[in-house]
Amino acid sequence: MTFQTVLGEARAEGRTLLNEVEAKSLLREAGIAATAATLATTREEAQSQAAAMGFPVVLKVVSPDIAHKSDVGGVKLNLADREAVGQAFDEIMANSKKAEPNARIKGVAVQQMAKQGTEVIVGMTTDPQFGPVMMFGLGGIMVEVLKDVSFRLVPVTDRDAGQMIDEIKGRPILQGVRGQPAADLAALKSTIVKVSEFVEAHPEVRELDLNPVFAYPDGALAVDARIVVSEG
Ligand code: ADP
Ligand code: MG
C-alpha cells in the first residue's frame with residue numbers, strides 16, 4: 001500500500017479519514033512501530049485472521065464515520081480464542097449500528113493485543129497560519145483533562161523531540177515512578193521525528209494521531225492511529 005494508492009481510494013470514496021488499517025500500514029512502512037492490523041469484513045474472516053495472527057487479539061470497528069471507536073462500543077480487547085472473536089465481531093457491529101445508525105461500516109480491524117505500557121500521544125495538527133505542528137503528551141486524563149502537551153513546528157529534529165518530551169509537566173512519569181519502569185526516551189524521540197518526516201513527505205496529511213503509543217522500557221508501539229487527509 002503506497003500513500004498515493006490509499007489517498008486515491010479515500011478520495012474516490014469521498015472520505016478524508018484514513019482507517020486504522022490504512023494508517024498503520026503507511027506508518028509501519030515509514031518505520032514507525034505500530035500494531036499490524038488487517039481488515040475483516042465478516043465474522044469468519046475476523047476469526048481466521050485472528051487465528052493466523054495468534055491470540056490474544058483486539059477487534060475494532062472500521063468506519064469513516066466513527067472517529068472515537070470506544071465511545072460507541074467499537075473496541076474489544078484481549079480476545080483469547082475464535083469464539084471470543086466471533087462474539088466480539090457481533091457485538092461491535094450491533095453497538096456501532098445502534099450508536100451511529102447512518103455510519104458506513106467497512107468491517108473490523110484485527111490486531112494483536114499489545115502488552116501494557118505507559119500511554120503517550122504523538123500527534124500532528126495543521127495550523128492555518130504556521131502549517132503542520134507536532135504535539136506530544138501523556139495519554140488518558142493527562143491530555144484530556146490537564147492539557148499537558150507540548151508543541152513544535154514541523155520539521156522536528158531529534159533535539160526538538162527531546163525538548164518536547166522534557167517540557168511536559170508529567171515528565172517524571174516517563175522516568176519511572178512507584179515501581180513503574182522508565183520509558184525508552186530514545187524510542188519516543190524517534191517516533192516523534194519519524195511522524196514529523198512522514199507528514200513533511202505527505203502534505204496531504206492534515207491531522208495525524210497516534211493515541212495511544214505504548215511507551216516501554218525498551219521501545220514504543222502505536223496501538224491506535226488516525227490520519228485525516230485534505231479533500232481532493
Ligand atoms: P479509540 O478510537 O476509542 O481511541 P483505541 O484504538 O485507542 O480506540 O482503543 C481504545 C484503548 O484500547 C486504547 O487507548 C488502548 O488502551 C487499548 N488498545 C487499543 N488497541 C490495543 C492493542 N492492540 N493492544 C492493547 N491495547 C489496545
Ligand atoms: Mg485511541
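As the structure is a computational prediction, the values presented were derived from the model and not from experiment. Atoms within each ligand, like the ligands themselves, are counted from 1 in listed order.
Heavy-atom proximity to V58, at under 4.0 Å, picks out these atoms of ligand 1: 22 (C), 23 (N), 24 (N). Numbered from 1 in the order shown, with element, the atoms of ligand 1 that lie under 4.0 Å from a heavy atom of F214 read 25 (C), 26 (N). Counting the atoms of ligand 1 from 1 in the order shown, those under 4.0 Å from a heavy atom of Q111 are 23 (N). Near N211, with a cut-off below 4.0 Å to any heavy atom, the atoms of ligand 1 are 7 (O).
Considering backbone and side-chain atoms alike, D71 places every N or O at 3.5 Å or more from each N or O of ligand 1. Between H68 and ligand 1, a contact under 3.5 Å exists for no N or O pair.
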Show me, pair by pair, the donor-acceptor contacts under 3.5 angstrom made by side chains of residues 94-103, not counting sequence neighbours?
residue : atom : partner : partner atom : Å
N95     : ND2  : G73     : O            : 3.0
N95     : ND2  : E91     : O            : 3.3
S96     : OG   : I92     : O            : 2.7

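Atom 20 (N) of ligand 1 has as its closest protein heavy atom K60 NZ, 3.0 Å. Nearest to atom 3 (O) of ligand 1 among the protein's heavy atoms is S70 OG, 2.4 Å. When only non-hydrogen protein atoms are considered, atom 21 (C) of ligand 1 lies nearest to V223 CB, 3.6 Å. For atom 7 (O) of ligand 1, the closest non-hydrogen atom of the protein is D224 OD2, 2.9 Å. Protein heavy atom nearest atom 12 (O) of ligand 1, with residue, atom name and distance: L77 CD2, 3.7 Å. Here the protein heavy atom with the shortest distance to atom 14 (O) of ligand 1 is P212 CD, 3.3 Å.
By heavy-atom distance, the residue among G74, A114, A34 lying nearest atom 25 (C) of ligand 1 is A114.
The main-chain N or O of I192 is never found under 3.5 Å from a side-chain atom of S196 such that the two would form a donor-acceptor pair. The backbone N or O of V21 lies less than 3.5 Å from no partner atom in the side chain of S25, so there is not a single donor-acceptor pair.
In this structure, E13 places its CD atom where more than 12 heavy-atom neighbours from other residues, nucleotides or ligands lie under 6.0 Å away. Atom CG of D127 is surrounded by more than 12 heavy atoms from other residues, nucleotides or ligands within 6.0 Å. Atom CZ of R152 is surrounded by more than 12 heavy atoms from other residues, nucleotides or ligands within 6.0 Å. Few gaps surround CD on E29; more than 12 heavy atoms of other groups in view lie less than 6.0 Å from it.
Side-chain N/O atoms of E167 and S150 include no donor and acceptor closer than 3.5 Å.
F3 is linked by a ring-ring contact (aromatic ring centres under 6.0 Å, His included) to H202, counting only residues two or more places apart in sequence or in another chain. The salt bridge (Lys or Arg N to Asp or Glu O under 4.0 Å) test applied to E207 returns R226, not counting sequence neighbours.
Listed by chain and residue number, the protein N/O/S atoms under 2.8 Å of the Mg ion (ligand 2) are N211 O, D224 OD2, with waters left out.
Heavy atoms of E119 approach ligand 1 to within less than 4.0 angstrom. Taking 4.0 Å as the cut-off, Q112 counts as a neighbour of ligand 1 on heavy-atom distance. Proximity of A67 to ligand 1 is established by a heavy-atom distance of less than 4.0 Å.
With values rounded to the nearest 0.5 angstrom, E9 atom CD is found 10.0 Å from L7 atom CG. Residue M135 holds its CE atom at 8.0 Å from CE of M164, rounded to the nearest 0.5 Å. The CD atom of E22 lies 6.0 Å from the NZ atom of K106; values are rounded to the nearest 0.5 Å.
The side-chain hydrogen bond (donor to acceptor under 3.5 Å, both in side chains) test with T35 singles out one residue from Q112, R28, K24, E20, and that residue is K24.
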